[in-house]
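See structure below.
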Number of protein chains: 2
Amino acid sequence: MTIAEVSKKYELTPDTIRYYEKEGLIPKVPRNKNGIRNFDEESCAWIEFIKCMRSAGMEIEILKKYVELYWKGADTVKERKELLEEQRTRLLKKQQDINATLERLNYKIKVYDEIQQGKRKHFMEKP
Amino acid sequence: MTIAEVSKKYELTPDTIRYYEKEGLIPKVPRNKNGIRNFDEESCAWIEFIKCMRSAGMEIEILKKYVELYWKGADTVKERKELLEEQRTRLLKKQQDINATLERLNYKIKVYDEIQQGKRKHFMEKP
DNA sequence: TATTGACTTAAAGTTAACTCCAAGTGGTAT
DNA sequence: ATACCACTTGGAGTTAACTTTAAGTCAATA
């Protein structure tokens with residue numbers, strides 16, 4: 001698979017994919033004789049994994065650390081598990097923040113609805 | 001309330017609070033005769049609101065837009081409601097991304113647990 | 001009176017995560 | 001053969017959201 005194909009498949013720009021490789025988030029992608037990347041299953045699996053983690057806002061540095069530990073092998077299982085648990089904690093916190101904000105947005109939208117329908121006075125609205 | 005007190009209350013640095021004011025996320029804070037900020041209820045309410053929205057990752061520019069509309073008054077109710085609805089949609093998407101990532105993290109952590117307990121071979125693990 | 005400490009400002013600096021650019025290579029279509 | 005196109009690189013540029021810095025004001029304390 002060429003970088004253009006992978007780019008389309010995962011909706012990441014070629015630049016972003018090359019950046020991920022340069023940063024070590026993806027193992028070195030195989031090349032043809034002209035030095036052009038030829039993505040295999042493993043490369044794609046990593047891209048998909050990184051994309052998922054990034055979509056939740058996990059930091060590049062953390063992912064780099066995880067990938068580094070992964071390549072060190074069996075000795076790092078404990079450390080990797082701890083890293084993932086820490087990230088899970090972070091995401092659970094983030095989820096709560098978003099939930100709280102969503103509730104607030106829902107309330108405000110409801111209030112605006114009532115104002116629009118004349119059920120409520122505009123000047124009674126607060127930040 | 002001084003900026004130091006507000007800073008402690010909302011766990012935002014004084015610099016961040018001044019930055020928010022400069023950017024127009026908070027209405028102009030009242031000052032004493034020496035030009036020192038004296039935060040009133042309204043200022044605090046705005047800070048609290050902005051903090052909540054920011055904690056969910058809502059952008060400064062969007063919040064600036066919302067605040068601007070707010071000060072324009074009743075004419076902008078429809079536009080404000082639409083803005084908030086758009087942000088709600090964004091947050092719902094983000095929530096889904098985080099949920100998907102959390103599920104994946106849970107699975108991986110479980111796998112690492114099983115490896116640690118010798119129930120699973122390390123080399124069978126994938127990205 | 002001198003200094004301490006909390007406040008003020010405008011403007012420059014930082015960080016993360018891309019994103020773009022310029023210059024170059026090689027395979028293919030006209 | 002020549003032009004085109006997708007790819008390559010290192011490195012510079014961008015953006016958001018702060019964060020730091022330098023220089024200054026004022027009230028209270030030693």
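The chains referred to below are lettered A, B, ... by the order of the sequence lines, with proteins before strands, and numbering in each begins at 1.
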Along DNA chain C (nearest heavy atom to each residue), the more 5'-positioned of Glu61(A) and Ile3(B): Ile3(B)

Please tell me which of the listed nucleotides, [options], lies nearest to the side chain of [X]?
X	options	result
Arg31(A)	dT19(D), dT8(D), dA17(C)	dT8(D)
Ile36(A)	dT19(C), dC7(C), dT8(D)	dT8(D)
Thr13(B)	dT19(D), dA17(D), dT8(C)	dT19(D)
Asp15(B)	dC7(D), dT20(D), dT8(C)	dT20(D)
Thr2(B)	dA17(D), dC7(C), dC18(C)	dC7(C)
Ala4(B)	dC7(C), dT8(D), dA17(C)	dC7(C)

Could you tell me the separation between the [atom1] atom of [X] and the [atom2] atom of [N], rounded to a whole number of Å?
X	N	atom1	atom2	result
Arg18(B)	dT21(D)	CZ	C1'	12 Å
Asn38(B)	dC7(C)	CG	P	12 Å
Ile17(B)	dC7(C)	CD1	P	10 Å
Lys8(B)	dA6(C)	NZ	P	11 Å
Ile50(B)	dC18(D)	CD1	P	11 Å
Glu21(B)	dA17(D)	CD	P	18 Å
Ile47(B)	dC18(D)	CD1	P	13 Å
Ile60(B)	dT19(D)	CD1	P	11 Å

Residue met sooner reading DNA chain D from 5', once Phe39(A) and Lys22(A) are mapped to nucleotides: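 Looking at the nearest nucleotide for each, Phe39(A) comes out on the 5' side.
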
Between Lys78(B) and Gln116(A), a side-chain donor and acceptor under 3.5 Å: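 No, no side-chain donor-acceptor contact under 3.5 Å.
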
Phosphate contact ([N] OP1 or OP2) by [X] side-chain N/O below 4.0 Å:
X	N	value
Thr16(B)	dT19(D)	yes
Tyr20(A)	dC18(C)	yes
Asn34(B)	dC7(C)	no
Arg37(A)	dT9(D)	yes
Arg54(B)	dA17(D)	yes

Cation-pi, Phe49(B) ring and Lys108(A) (6.0 angstrom, 45 degrees): yes

Aromatic ring pairing Tyr66(A)/Trp46(A), orientation class (parallel under 30°, perpendicular over 60°, tilted between):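 Tyr66(A) and Trp46(A): tilted rings.
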
Test item: Asn34(B) side-chain N/O and Ile36(B) main-chain N/O as donor-acceptor pair under 3.5 Å: no

N/O donor-acceptor pair under 3.5 Å between Asn106(B) side chain and Ile109(B) backbone: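 Side chain of Asn106(B) to backbone of Ile109(B): no pair is present.
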
Touch class at under 4.0 angstrom, heavy-atom based, for Glu23(A) against every strand present: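 The answer is nothing, as Glu23(A) stays clear of every strand by at least 4.0 Å.
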
ILVMFWY network linking Tyr19(A) to Leu63(A), side-chain heavy atoms under 4.5 angstrom: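 Yes, because Tyr19(A) and Leu63(A) connect within a single hydrophobic cluster, where side-chain heavy atoms sit under 4.5 Å apart.
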
